[in-house]
Amino acid sequence: KNSMKEIQTGLNSMLFSLLLEDGNQQGGGSGGMQDFMKQMQQMGQQQMAMNMLAQQMMQQMGEGKPQMSNEMRGQMRQMSADESRLAENIKRMIQTNPQAQKQASGLNRLVEELEAVSNKLHFNKMDQELLKQQENILSRMLEATKSINKKDQSQKRKVRASNAYH
């Protein structure tokens with residue numbers, strides 16, 4: 001129980017610091033690409049923390065605790081809400097960020113996965129398939145960030161090359 005509380009406390013403090021950081025950086029920015037990358041990295045960190053919590057819960061369930069405690073049910077409801085919030089954030093990014101719009105099909109699949117995981121957690125369904133889905137979500141978030149980063153590097157090379165000719 002203690003380790004679950006510690007993980008939840010760590011998750012909450014991480015989310016709080018990310019929100020503070022995000023609030024401090026609202027305003028000036030170098031455009032959609034930087035914002036998109038930053039948001040995807042932050043959401044990836046949140047997803048990673050939720051993956052770790054889910055794995056911890058699976059381990060506890062495997063240690064001869066077939067009955068889920070009220071505390072575990074509460075944590076699953078919280079994780080369900082967190083996964084749903086990530087899906088909503090991505091939907092908002094698709095609507096407002098030009099870089100996200102360029103990757104809308106992949107991001108929409110990510111939203112569907114987040115919503116499916118959220119539903120499972122809402123109904124207290126914790127299994128290996130759920131853990132795999134969470135890993136897939138994290139991988140897709142990282143891939144989206146890498147994809148934008150590659151495009152950014154490619155554009156910078158083109159600019160440098162065209163400047164060299166002038």
Undergrad: For Arg140 and Glu143, what are the C-alpha separation, side-chain angles and deciding distance, and is it a salt bridge (Lys or Arg N to Asp or Glu O under 4.0 Å)?
TA: CA-CA 5 Å; Arg140 285 184 187 212; Glu143 286 170 16; 6.0 Å; no
Undergrad: Evaluate the side-chain proximity of Met37 to Gln99: yes if any heavy-atom separation is below 4.5 Å, no if none is.
TA: no
Undergrad: If you define the side chain from C-beta out and look only at heavy atoms, does anything of Leu131 sit under 4.5 Å from Glu135?
TA: no
Undergrad: Please name the pair of heavy atoms, one in Arg85 and one in Gln78, separated by the smallest distance, quoted to 0.1 Å.
TA: NH2-NE2, 3.8 Å
Undergrad: Looking at every non-hydrogen atom in both residues, tell me the closest pair between Ile94 and Gln101 and how far apart they are.
TA: O-CG, 2.7 Å
Undergrad: Side chains of Asn51 and Gln55: any donor to acceptor distance under 3.5 Å?
TA: no
Undergrad: Show the numbers, then the answer: is there a salt bridge (Lys or Arg N to Asp or Glu O under 4.0 Å) between Asp35 and Lys38?
TA: CA-CA 5 Å; Asp35 291 343; Lys38 184 162 187 58; over 6 Å; no
Undergrad: Of all heavy-atom pairs between Ser118 and Ser84, which one has the smallest distance, and what is that distance?
TA: OG-CB, 3.6 Å
Undergrad: Indicate yes or no: at least one non-hydrogen side-chain atom of Glu115 is less than 4.5 angstrom from one of Glu83.
TA: no
Undergrad: Kindly give the heavy-atom pair with the smallest separation between Met79 and Gln134, and that separation in Å.
TA: CE-NE2, 3.8 Å
Undergrad: Got Met141 and Gln41 here, is their nearest side-chain heavy-atom distance under 4.5 Å?
TA: no
Undergrad: Kindly compute the distance separating CG (Leu138) from CD (Gln133), expressed to the nearest 0.5 Å.
TA: 14.0 Å
Undergrad: If every non-hydrogen atom of Leu107 is compared with every non-hydrogen atom of Ala100, which pair is closest and at what distance?
TA: CD1-O, 3.5 Å
Undergrad: Which atoms form the tightest heavy-atom contact between Gln47 and Leu86, and what is the distance?
TA: OE1-CD1, 3.5 Å
